[in-house]
Amino acid sequence: MSQSAKPKSSALIQQLNDHVAVRMTIIFGSIWCVYAFLVFSLIPLAAPAWQNTLLYISNCIQLVALPALMVGNAVLSRGTDQRAAEDHAALMEILNDVRAEVAELKTVTNDLALKTEAATHRPPSEIVSISDEAVINVMDEAPHATVASRPA
C-alpha cells in the first residue's frame, strides 16, 4: 500500500466514523427514541418472562450508546469550535478597524481643537471683507455724525 493511499483511506474511515457517531447522536437525541425506550421499558409488565433478556439488551444499548453519544458530541463541538474561532478572528479584525478609526477621529478632533484655540487667541482682524465690493474697517472709530444746518 502506498503512502498516499493510506492517509486517504484513514481519512475516509475517520469521516465514516464521524458520520455514524453524529447520526447516532441525532437518533438517540430524538423524542422518538425516548418513546421507543419508554415502550421498551414497559415490555416486562406485559411479558415478565422476558425481563432478563430485556435487561441484557438494555445494558448492551447503554454500552454502545454512551460512547457513541460522546464521540458524536465531540464531532459536533469541533464544528462549533471552528465557527467560534472564525467569529473571533472576524471580531478582532473589526475591533482593529474601529481602533484605527477612533485614532483617526482623535487626530482630527485634536487638530480641530488646536485650530479653534489658535483662532480664539488670534487678534481681531482690522479689515473684514463681506464681499468683493464691500470692505469694512472695524478698528476705526465710528465717524461722528455732524448735522449741518441749512439755511432756511
Side-chain angles (χ1 to χ4, degrees), residues 1-140:
M1 192 180 234
S2 70
Q3 291 288 10
S4 64
K6 189 173 183 179
K8 206 177 216 184
S9 64
S10 177
L12 185 62
I13 291 171
Q14 180 66 36
Q15 187 178 5
L16 178 67
N17 288 340
D18 289 351
H19 178 73
V20 169
V22 168
R23 252 347 256 162
M24 288 181 75
T25 302
I26 292 170
I27 290 169
F28 281 119
S30 71
I31 192 68
W32 296 109
C33 191
V34 172
Y35 293 150
F37 288 146
L38 176 67
V39 170
F40 182 79
S41 69
L42 296 176
I43 291 176
L45 295 176
W50 285 75
Q51 186 169 1
N52 288 338
T53 304
L54 294 174
L55 185 59
Y56 175 77
I57 293 170
S58 173
N59 287 339
C60 289
I61 290 172
Q62 289 178 29
L63 286 172
V64 171
L66 181 62
L69 288 171
M70 293 187 70
V71 172
N73 282 330
V75 170
L76 292 172
S77 71
R78 265 189 257 147
T80 303
D81 292 345
Q82 183 180 0
R83 281 190 299 277
E86 290 170 0
D87 288 348
H88 176 72
L91 288 173
M92 290 306 294
E93 186 177 328
I94 290 170
L95 178 63
N96 289 334
D97 290 346
V98 168
R99 284 181 176 160
E101 289 177 12
V102 166
E104 186 179 335
L105 285 174
K106 283 182 180 180
T107 302
V108 169
T109 304
N110 288 339
D111 288 347
L112 185 59
L114 290 174
K115 288 178 183 177
T116 304
E117 185 70 23
T120 57
H121 291 15
R122 188 179 318 139
S125 177
E126 295 180 8
I127 299 176
V128 177
S129 173
I130 297 174
S131 69
D132 289 340
E133 299 171 3
V135 174
I136 302 171
N137 189 347
V138 292
M139 297 308 279
D140 289 344

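Positions are given from 1, in the same order as the sequence printed here.
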Nearest 0.5 Å, what's the [atom1]-[atom2] distance between [X] and [Y]?
{"X": "Ile43", "Y": "Thr53", "atom1": "CD1", "atom2": "OG1", "answer": "11.0 Å"}
{"X": "Met70", "Y": "Asn73", "atom1": "CE", "atom2": "CG", "answer": "8.5 Å"}
{"X": "Arg99", "Y": "Asp97", "atom1": "CZ", "atom2": "CG", "answer": "11.0 Å"}
{"X": "Phe40", "Y": "Cys33", "atom1": "CZ", "atom2": "SG", "answer": "11.5 Å"}
{"X": "Asp18", "Y": "Arg23", "atom1": "CG", "atom2": "CZ", "answer": "14.5 Å"}
{"X": "Glu86", "Y": "Gln82", "atom1": "CD", "atom2": "CD", "answer": "5.0 Å"}

| Of the non-hydrogen atoms in Ala68 and Met24, which two are nearest, and what is the gap between them? | CB-CE, 3.6 Å

| request: Give the minimum heavy-atom separation between Gly72 and Thr25, together with the two atoms involved. | output: CA-OG1, 3.1 Å

| request: Go through the steps to decide whether Val22 and His19 satisfy the test side-chain contact (heavy atoms from CB on, under 4.5 Å), and finish with yes or no. | output: CA-CA 5 Å; Val22 168; His19 178 73; 5.9 Å; no

| So, does Thr116 use its side chain to make a donor-acceptor pair with the main chain of Leu112 at under 3.5 Å? | yes

| Any Gln15 side-chain heavy atom under 4.5 Å of Leu12 side chain | yes

